[in-house]
Amino acid sequence: MTRLSVEMLAADTVEPITSAGHAQLGIAVLLGIAVIVLLITKFKLHAFLALTIGSLALGAFAGAPLDKVITSFTAGLGSTVAGVGVLIALGAILGKMLADSGGADQIVDTILGRASARSMPWTMVLIASVIGLPLFFEVGIVLLIPVVLMVAKRGNYSLMRIGIPALAGLSVMHGLVPPHPGPLVAIDALGANLGVTLALGVLIAIPTVIIAGPLFSKYAARWVDVPAPDRMIPQRASEDLEKRPGFGATLATILLPVVLMLAKALVDIIVDDPENLVQRTFDVIGNPLIALLAAVIMGIFTLLRPAGFGKERVSGLVEKGLAPIAGILLIVGAGGGFKQTLIDSGVGRMVLEISEDWSIPALLLAWLIAVAIRLATGSATVATVSAAGLVAPLAADMSTTHAALLVLAIGAGSLFFSHVNDAGFWLVKEYFGLNVGQTIKTWSVMETIISVVAGALVLLLSLII
């Protein structure tokens, strides 16, 4: 069932669950989000359960019949998983291929082998940005940390001078560029064009990652001067392999889905005729499902076979790649259910009316909402799906480019000031051997710079295009 048909089905079966006034709805939203925050932070409940309970609480606080709340939640969960579930799965498989075949190590080693000492921070941000395209943030960190620590130790570089650019590259890709889960969910919720969002996301990502990476790392290295901890240098995947894929083949595999999706967006703009054979062809090959599936199939021959993987090992790798994303899919699905509950309760309409009354630019409002939820929950994904649900009605009358910018505004806000309630905060702290204060001075400040710079660039672009 297509995304459109799922949404039509939802529209036919889900009626507005309440007609409560603005005051009651506003209180219901605050209490619903408070329930989610409390369950995640205080009781350490999994985000899937927290979002499910929070959705039911929101409906109850809004005075809605519980059966209608359940219908709204399940319809939203189903349409969201139908829209992005397969894409997340394919992205996870591609990332696993890249890691286990030694392809990621091949790219890292090739680029580092040609980099000078002066260009090393810029090299690290380039590596992280390329590697970060198909990989989840946590996987990217696990892959790149050994490289960061070894480069810092062998080259006698400041750990922060090398580490911050790598982290910035991964984080910007995670928040702004599909096929990462956050941007995909926001694109699905707002009905934005994936190719246009991808193109604008890359355009905003480049200056953002330069400012938050190599430039900020100069100051981070002065504020926190620590050596690379020996105990945190784990074994690299390719150390167990007799051979690994070539640099060109690996890079081509990583960039294939990006090129196909961007090509589709470009053809849509140039041709602009749905009946044209060229545009229809690119609509198929540039569809994110086909683009990612093509990269996975290509990866079997360009990544796994050159690394000596047989048929059984390829099958096992796919299974291992899918296992870790169960939690992510459930969180994303529950986030979609929460979004639908917000919309059906009339909260989206309320946000639309408030934005008109207060004359708040839609892009700024989306960024602020994502920032607030990020600070409260610590989860960029929860912030993205919740903010997308709240501001979805704002995208109804937007142009294609402004709907894409709304997605990016939410993505930028979702990265704001990572602190102690974010798993990424502790991951960085432990890998780099930092204390809490040092992690805030480096990682947390870097995340805030990414959020503010990207948000500002989104607003600037909205005035130009």
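Count residues from 1 along the sequence.
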Of all heavy-atom pairs between Ala388 and Ala189, which one has the smallest distance, and what is that distance? CB-CB, 3.9 Å
One should read off an interatomic distance between His46 NE2 and Thr52 OG1, to the nearest 0.5 angstrom, of 10.0 Å
Checking Asp268 now: which residues fulfil side chain to side chain donor-acceptor pair (under 3.5 Å) with it, not counting sequence neighbours? Lys264, Gln279
Start with the C-alpha gap between Leu415 and Ser171, add the side-chain angles, then the distance that decides, and say whether side-chain contact (heavy atoms from CB on, under 4.5 Å) holds. CA-CA 8 Å; Leu415 297 175; Ser171 186; 3.9 Å; yes
Any donor and acceptor pair, going by atom type alone, linking the side chain of Ser418 with main-chain N or O of Ser444 inside 3.5 Å? no
Any idea which heavy atoms bring Ala387 and Ile410 closest together, and the distance? CB-CG2, 3.9 Å
Roughly how far, to the nearest 0.5 Å, is the CD1 atom of Ile206 from the CD1 atom of Ile211? 12.0 Å
Mark yes or no for whether Thr448, through its side chain, and Phe416, through its backbone, hold a donor-acceptor pair below 3.5 Å. no
Partner set under ring pair (Phe, Tyr, Trp, His ring centres under 6.0 Å) for His174, not counting sequence neighbours: Phe137, His180
Closest heavy-atom pair and its distance - Val125, Pro165: CG2-O, 3.4 Å
With the side chain counted from C-beta on, respond yes when Phe432 and Thr439 share a heavy-atom pair under 4.5 Å apart, and no when they do not. no
Closest contact, heavy atoms only, Ala392 versus Leu190: CA-CD2, 3.4 Å
Below 4.5 Å, heavy atoms only, C-beta onward: do Ile210 and Trp122 meet side chain to side chain? yes
Supply the atom-to-atom distance Ile131 CD1 to Leu251 CG, rounded to the nearest 0.5 angstrom. 9.0 Å
Can you give each donor-acceptor pair under 3.5 Å made by side-chain atoms of residues 300-327, sequence neighbours left out, with the distance rounded to 0.1 Å?
unit_1: Thr302; atom_1: OG1; unit_2: Thr253; atom_2: OG1; d: 2.7
unit_1: Thr302; atom_1: OG1; unit_2: Met298; atom_2: O; d: 2.9

Between Ala168 and Gly213, which heavy-atom pair has the shortest distance, and what is it? CB-CA, 3.7 Å
Quick one: does Leu58's side chain get under 4.5 Å of Leu342's, heavy atoms only? yes
By side chain to side chain donor-acceptor pair (under 3.5 Å), which residues pair with Thr208, not counting sequence neighbours? none
Any Leu262 side-chain heavy atom under 4.5 Å of Val202 side chain: no
Hey, mind stepping through Leu94 and Leu98 against side-chain contact (heavy atoms from CB on, under 4.5 Å) and telling me if it holds? CA-CA 6 Å; Leu94 182 59; Leu98 189 66; 5.8 Å; no
Going by ring pair (Phe, Tyr, Trp, His ring centres under 6.0 Å), name the residues that satisfy it together with Phe48, two or more places apart in sequence or in a different chain. none
Would you say the side-chain atoms of Thr80 pair up with the backbone N or O of Gly76, donor to acceptor, closer than 3.5 Å? yes
Distance from Ile88 atom CD1 to Leu184 atom CG, nearest 0.5 Å? 6.5 Å
Verdict with reasoning, Thr110 to Thr250, per side-chain contact (heavy atoms from CB on, under 4.5 Å): CA-CA 11 Å; Thr110 301; Thr250 303; over 6 Å; no
Does any non-hydrogen side-chain atom of Leu457 lie less than 4.5 Å from one of Pro207? yes
Donor-acceptor contact present, side-chain Trp367 to main-chain Ser451, <3.5 Å: yes
Within a strict 4.5 Å, meaning less than it, do heavy atoms of the Ile107 and Phe247 side chains meet? yes
Tell me, which pairs form a side-chain hydrogen bond (donor to acceptor under 3.5 Å, both in side chains) where one or both residues lie in residues 397-413, sequence neighbours left out? Ser399-Thr401
Rounded at 0.5 Å granularity, tell me how far OG in Ser462 sits from CG in Leu406. 10.5 Å
Could you walk me through whether Val185 and Thr381 pass the side-chain contact (heavy atoms from CB on, under 4.5 Å) test, one step at a time? CA-CA 9 Å; Val185 170; Thr381 303; 5.7 Å; no
Val278 side chain near Val267 side chain, heavy-atom distance below 4.5 Å: yes
Taking the side chain as every heavy atom from C-beta outward, state whether Val385 and Phe338 have any pair of such atoms under 4.5 Å apart. no
Of all heavy-atom pairs linking Ser101 and Pro245, the shortest is O-CD, 3.1 Å
Reported OG-to-CD1 distance for the pair Ser386 and Ile33, which is rounded to 0.5 angstrom: 6.5 Å
